[in-house]
2 protein chains.
Amino acid sequence: MPQRVTHETAQCPVARAVDVIGDRWSLLIVRDAFDGIRRFNDFQRNLGLAKNILSSRLRELVTHGILEIVPAAEGGAYHEYALTQKGRDLFVILVSLRQWGEDHLFEDAEPHSVLLDTKNNKPVRKLEVTDAKGRLLDPSEAFVRKVAS
Amino acid sequence: MPQRVTHETAQCPVARAVDVIGDRWSLLIVRDAFDGIRRFNDFQRNLGLAKNILSSRLRELVTHGILEIVPAAEGGAYHEYALTQKGRDLFVILVSLRQWGEDHLFEDAEPHSVLLDTKNNKPVRKLEVTDAKGRLLDPSEAFVRKVAS
DNA sequence: TCCAACTGGTTTCAACTTGAAACCGCTTGA
DNA sequence: TCAAGCGGTTTCAAGTTGAAACCAGTTGGA
């Protein structure tokens with residue numbers, strides 16, 4: 001009986017993270033949330049995904065504590081979806097995906113959207129993995145210590 | 001006729017990146033590749049996924065230029081899968097997923113694997129999004145400039 | 001006040017994807 | 001030589017995705 005494999009109890013944080021946000025829509029919904037989108041219909045129009053899928057993804061994101069349902073800003077009868085702190089902490093992941101995409105998924109002359117900082121209107125700096133002292137770290141200079149089992 | 005939605009031609013690098021590596025297995029295969037795994041059976045045993053799925057994911061990763069097929073290190077008849085530069089550049093993404101997972105998907109006392117730098121045996125530093133001058137940037141201080149359409 | 005349009009979904013159903021298991025030809029090692 | 005391992009492919013059932021239709025409650029404009 002093939003049901004979806006889960007890594008909920010994995011000891012590797014990467015596996016658990018992929019389990020929560022590793023699908024084709026969740027991170028795009030979060031990206032839109034960072035762009036200020038908060039309403040069901042706005043997500044739906046902007047992403048162009050089916051309403052039933054959006055509904056199920058929003059429910060999962062709320063269940064995982066990445067989004068929360070809040071009363072509409074203008075006080076109407078409708079509600080909105082807002083990022084929690086856990087959701088805002090996905091910012092680094094989105095930036096890393098963005099930078100990798102910029103570097104490897106566009107032709108040289110091909111236009112793409114850019115992430116700027118509000119104050120200077122300049123692109124965000126390239127993310128770097130560094131050691132405890134702040135020195136740049138090559139993937140070959142790092143290793144995963146597994147937890148004793 | 002519902003076939004998978006694609007973001008191959010999106011102008012947002014996040015969308016294109018999610019299109020390529022946004023599924024439940026690709027990033028875990030890449031993670032294992034960083035851990036030194038190179039052979040089909042080793043991936044399969046380590047990840048515990050069905051062989052047909054592994055086969056199709058490896059093929060996709062090779063097609064996207066993230067892995068490449070190389071002759072076996074010991075010179076046998078078999079071949080191996082090795083990360084390309086494009087694949088090694090996924091390191092930051094894996095680290096960002098790992099750090100978010102560590103922060104939000106484990107109980108305080110729950111053990112998890114840790115990424116250490118080889119030289120000092122100390123955990124890698126927390127990734128930070130900074131502006132062009134290296135100043136820490138809050139998500140609220142950044143915005144996406146869309147490309148003219 | 002009334003009604004049309006919009007909001008935020010759920011339901012239905014077919015197509016597509018995933019997963020387990022069986023199978024298969026080639027290589028390696030004892 | 002021959003059994004076990006490697007690197008897959010095939011088959012088929014079950015699960016997931018997507019499009020479209022539908023629906024109750026809300027809002028806005030005449």
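Residue numbers begin at 1 in each chain, while the letters A, B, ... track the order of the sequences.
A straight line from CD1 of Ile29(B) to P of dG8(D) spans 12 Å, rounded to a whole angstrom. Rounded to an integer number of Å, the gap from Leu58(A) CG to dT7(C) P is 15 Å. Rounded to whole angstrom, the span from the CD atom of Glu80(A) across to the P atom of dG9(C) amounts to 12 Å. When the P atom of dT16(D) is taken as reference, atom CD1 of Ile53(B) falls 13 Å away, rounded to whole Å. The interatomic distance linking Ile69(A) (CD1) with dT7(C) (P) rounds to 18 Å, in whole Å. Between Leu54(B) atom CG and dA21(C) atom C1' the separation is 16 Å, expressed in whole Å.
The side chain of Trp25(B) places an N or O atom within less than 4.0 Å of a non-bridging phosphate oxygen (OP1 or OP2) of dG19(C). Within the 4.0 Å cut-off from OP1 or OP2 of dG8(D), at least one side-chain nitrogen or oxygen of Tyr81(B) is found. The side chain of His79(A) contributes an N or O atom lying less than 4.0 Å from OP1 or OP2 of dG9(C). For the pair Ser55(B) and dT9(D), the criterion of a side-chain N or O lying under 4.0 Å from OP1 or OP2 is met. Contact annotation: Arg59(B) side-chain N/O to dG7(D) OP1/OP2 distance is not under 4.0 Å.
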Donor-acceptor contacts under 3.5 Å from residues 47-61 of chain B side chains, at least two apart:
{"unit_1": "Arg57(B)", "atom_1": "NE", "unit_2": "Asp23(B)", "atom_2": "OD2", "d": "3.2"}

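Of all heavy-atom pairs between Phe106(B) and Pro111(B), the closest is CE2-O, 3.7 Å.
Remark: Glu102(A) pairs with Arg98(A) by the salt bridge (Lys or Arg N to Asp or Glu O under 4.0 Å) rule, at least two apart or across chains.
Within residues 38-50 of chain A, the residues having any heavy atom under 4.0 Å from DNA chain D are, by residue number, Ala50(A).
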Output, in order, the C-alpha distance, side-chain angles, deciding distance and verdict of salt bridge (Lys or Arg N to Asp or Glu O under 4.0 Å) for Glu128(A) and Arg135(A).
CA-CA 9 Å; Glu128(A) 302 181 330; Arg135(A) 281 184 299 239; over 6 Å; no

Determine whether Asp35(B) and Lys146(A) satisfy the following criterion, side-chain contact (heavy atoms from CB on, under 4.5 Å), listing intermediate values before the conclusion.
CA-CA 11 Å; Asp35(B) 288 350; Lys146(A) 301 211 164 58; 4.3 Å; yes

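Between His64(B) and Ile21(B), the closest side-chain pair of non-hydrogen atoms is not below 4.5 Å.
Using a cut-off of 4.0 Å between Lys/Arg side-chain N and Asp/Glu carboxylate O, Arg45(A) and Asp42(A) are scored as salt-bridged. Contact check on Glu68(A) versus Lys86(A) returns no salt bridge, with no Lys/Arg side-chain nitrogen under 4.0 Å from an Asp/Glu carboxylate oxygen.
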What string of B, S and - do you get for nucleotides 23-30 of chain D, 5' to 3', if B is base contact, S is sugar-phosphate-only contact and - is no contact with any protein heavy atom under 4.0 Å?
--BBS---

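Through direct or relayed side-chain contacts under 4.5 Å between Ile, Leu, Val, Met, Phe, Trp and Tyr, Phe143(A) connects to Val114(B), Leu116(B).
Ring orientation note: the planes of His7(B) and Trp25(A) are nearly perpendicular, at an angle over 60° on the 30°/60° scale. Ring-plane geometry between Phe43(A) and Tyr81(A) is classed as perpendicular, the angle between the planes exceeding 60 degrees on a 0 to 90 degree scale with a lower cut at 30.
In DNA chain D, stems built from 3 or more consecutive Watson-Crick or G-U wobble pairs, each with both distances under 3.5 Å, span C:1-30 with D:1-30.
Comparing dA19(D), dT17(D), dG19(C) by their closest approach to the side chain of Asn52(A) singles out dA19(D).
Side chain to side chain, Gln99(B) and Asp103(B) fail the donor-acceptor criterion of an N or O pair below 3.5 Å.
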